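Here the structure comes first, spelled out in structure tokens, and everything after it is commentary.
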Amino acid sequence: MSSFRSTLVRVAPGALAGVLAAFAALAAAELAAGLARPAAGPVTVVGGAVVDLTPAAVKDFAIRAFGEDDKEALRIGILSLLAFSAAVLGVLSLRHLRAGAAGVLLFGTVGAAAALSRPDSAGPGDALPSLVGAAAGAAALAFLIARTASAPRDGSAGSGRGGRNRRGFLTAAAATAGAAASAGALGRVLAGRQGQGATASRNALVLPRPASPAPAVPAGAQLRVPGISPFATPTRDFYRVDTALVVPRIDAGTWRLRIHGEGVARPRTLTLGELLARPLVERDITLTCVSNEVGGPYTGTARWLGVPLADLLREAGVRPPSQGGRSDQLVARSADGMTLGSPVEELMDGRDAMLAVGMNGEPLPFAHGFPVRMLVPGLYGYVSACKWITDMELTSFGAYDPYWVRRGWARRAPVKTQSRIDTPKPFARPAAGPVTVAGVAWAQRRGITRVEVRIDDGPWRDADLAAPAGPDTWRQWTYRWDASPGGHTLTVRATDGTGRVQTEERTRTVPDGASGMHSVFVTVPQTTGPSARQAGRSTTPTTGQPNTTPC
Ligand SMILES: Nc1nc2c(c(=O)[nH]1)N[C@H]1C(S)=C(S)[C@@H](COP(=O)(O)O)O[C@H]1N2
Ligand SMILES: [Mo]
């Protein structure tokens, strides 16, 4: 026990020196990234590399386990791993400072390599933050380890010379921590500055009026049921799914969109002004993520304003394959290096495929793709909804596999017919009697014509549908259930505009979207009306059931 204790006392300064050196390294790197390019910071580039190396199944797990906090979870994971390695290197440095410092430099090299291999890398300069960080880290380590050199080894801590040494080390440690914290904070401020031009350009952007406004949403499209998803998802509640660890902040003034590739007779590069000078359309469209589990939250409806994509493509000389066009895939590239592939045929078949600039009456939020994103009704986001788009290349499915396809997802992915129970929530305890079951159903492009609800193993019964707003939006539904006490499973299924009933067959999200029916289990407590309460004293013991009524 005491030998364990003395070992701990001996290695603790080393571990602390290691962790503080890592802190100094990250702070220096943050400062360098703030001066140069915030997206080249080591945690961001290493995180990005981890995301890209993650197979579909693990990404799927991360989304399931952490939801939209997946990026925070990744950051915490990387920092924890780094702190642990740093502590080990610090202890090693007590005896072999050179080996410890070499370890720190090795981490820096990994960061630099990750920075250079990022698809949105801005060149060799991106390696700088990691290298500067490593140098600062190695220096801090040497500085701190030197101050542990004559720390007490005989356990006589706190007395005489040992006490002075310990105070010396702690002062050095505090100074290192303070310097690192200041450098890190300064780096953040500088990074924030860099986004200011983009923020100003967004604030200054006045969206033109649509040449073709959104058709009026019928009053009956929005039901008054507590707990149901509103027909129009407020922007702040709209789901966000992307691989960007730092949200790209693009200055609208310098943004360009290039259209080129196979069969593009007239390639061109557009500015935002040129795009906005074109006739705009406004449409209510439900966007759905392929990673949405049955009953999941990654779907939402917004009012999008944008430039019809088909017109732009036709002007560039592009023809759909059915009219002899040479390209069947449009690959969209974003400022952050993402690639998404959409079928040219569907983009030009008359649906409202657009380059969106507005969401719910405002310029796109940065997180949703400012200044311009693609949007195609009826296709999952990963094959259509490129945010921060900067490039559209016409090619073929045979010639190029975009980002998600290389990770096991399908090349083509139309949205599957789905329905979701919003209320009651799973494991809710609604009172016996009439209960309003309600939710939304979607089958973009085909529309929803019927929703049915089943209680336990009973028959399917028709739900009441809200008024339809169009084939590209979800549709609310409600069902009056006369709930009897006990546990019950509520299940929903939808029928789309082609007459096809939502499949019962369960599939995972990989490779082309989850199928199967959403069920919710609820418990309806035994009735506690006045008569039951009167009888309570005598009935409870005879049934032998514990009283499970809440409150
Ligand atoms: N640049 C970029 N665009 C992207 C993605 C991405 O990771 N990077 N993710 C796609 C996916 S998988 C979906 S579901 C939608 C989500 O759009 P939202 O975040 O605005 O809801 O964006 C798509 N566009
Ligand atoms: Mo997605």
Side-chain angles (χ1 to χ4, degrees), residues 67-68 207 210 213-241 282-289 291-306 352 354 356 358-365 367-369 373 375 377-378 380-381 385 415-426 428 430 434-451 453 463-481 490 492-494 496-497 502 518 520 522:
E68 294 190 40
L207 295 176
V217 175
Q222 172 67 63
L223 303 172
R224 264 181 286 278
V225 175
I228 198 169
S229 302
F231 174 78
T233 312
T235 302
R236 66 176 177 282
D237 297 336
F238 206 96
Y239 80 93
R240 176 186 160 206
V241 169
E282 185 187 48
R283 298 288 183 264
D284 294 315
I285 296 168
T286 300
L287 176 63
T288 306
C289 181
S291 293
N292 194 47
E293 302 278 335
V294 172
Y298 302 129
T299 181
T301 303
R303 177 158 290 189
W304 306 93
L305 175 74
D352 290 312
M354 64 168 89
M359 180 180 189
N360 294 333
E362 289 182 357
L364 294 175
H368 293 290
R373 75 174 304 167
L375 204 75
Y380 284 120
V415 176
K416 296 181 178 177
T417 302
Q418 267 295 344
S419 48
R420 179 175 79 193
I421 299 172
D422 289 331
T423 180
K425 294 277 172 232
V435 169
T436 303
V437 184
V440 285
W442 60 89
Q444 290 92 317
R445 285 282 71 210
R446 303 178 297 281
I448 294 293
T449 52
R450 186 180 197 183
V451 170
V453 171
D464 292 320
L465 288 174
D472 294 336
T473 61
W474 59 18
R475 198 166 173 182
Q476 294 180 335
W477 57 268
T478 63
Y479 177 79
R480 274 278 275 208
W481 171 41
L490 318 178
V492 64
R493 74 176 183 192
D496 70 21
Q502 177 186 335
H518 188 211
V520 164
V522 300

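Keep in mind that this is a model prediction, so the values were computed, not measured.
Distance check, rounded to the nearest 0.5 Å: CD of Gln444 to CD of Gln418 gives 10.5 Å. Put simply, CH2 on Trp481 and OG1 on Thr436 are 11.5 Å apart, with the number rounded to the nearest 0.5 Å. We find the CZ-CZ distance between Arg283 and Arg303 to be 10.0 Å, quoted to the nearest 0.5 Å. In this structure, the separation between CG on Asp284 and CG on Asn360 is 8.5 Å, given to the nearest 0.5 Å.
The closest donor-acceptor contact from the side chain of Arg373 to the backbone of Ala385 lies under 3.5 Å. Side-chain atoms of Trp304 do not come within 3.5 Å of backbone N or O of Leu375 as any donor-acceptor pair. Side-chain N or O atoms of Tyr380 include one that pairs as donor or acceptor with a backbone N or O of Lys416 at under 3.5 Å. At distances below 3.5 Å, at least one donor-acceptor pair connects side-chain atoms of Gln222 with backbone N or O atoms of Phe231.
Taking every heavy atom of both residues into account, Pro226 and Thr423 meet most closely at O-CG2, 3.6 Å. Here the closest heavy-atom approach between residue Ala221 and residue Gln476 is recorded as O-OE1, 3.2 Å. Closest approach of Leu490 and Ile421 over heavy atoms only: O-CD1, 3.5 Å. Annotation for Asp422 and Gly439: closest pair OD2-CA, 3.5 Å, computed over non-hydrogen atoms. Across every non-hydrogen atom of Asn292 and Pro297, the tightest pair is OD1-N, 3.1 Å. In terms of heavy atoms, Val520 sits closest to Pro424 at CG1-O, 3.6 Å.
A donor-acceptor contact under 3.5 angstrom links the side chains of Asp496 and Thr417, judged on distance only. In the model, Arg420 has no side-chain atom that pairs as donor or acceptor with a side-chain atom of Thr299 under 3.5 Å. At a cut-off of 3.5 Å, with distance as the only test, no side-chain donor of Thr235 or Glu362 sits close to an acceptor on the other residue.
Residues Ile448 and Trp477 have side chains not in contact (no heavy-atom distance under 4.5 Å, counting atoms from C-beta outward). Looking at heavy atoms from C-beta onward, Ser419 lies out of side-chain contact with Val440 at the 4.5 angstrom threshold. Annotation: side chain of Leu207 is in contact with side chain of Pro363 (closest heavy-atom distance under 4.5 Å). Inter-residue side-chain proximity for Asp472 and Arg445 is flagged as met; some heavy-atom pair is nearer than 4.5 Å.
For the side chain to side chain contact (heavy atoms under 4.5 Å, CB included) with Trp442, the qualifying choice from Thr288, Thr473, Leu287 is Thr288, the only one to do so. When each of Leu223, Thr449, Val451 is paired with Leu465, the side chain to side chain contact (heavy atoms under 4.5 Å, CB included) condition holds for Val451 and for no other.
The side-chain contact (heavy atoms from CB on, under 4.5 Å) check on Thr233 picks up Asp237, Phe238, Thr301, Trp474, with sequence neighbours excluded. Annotation: side-chain contact (heavy atoms from CB on, under 4.5 Å) contacts of Pro210 (sequence neighbours excluded): Pro213, Glu282, Leu305.
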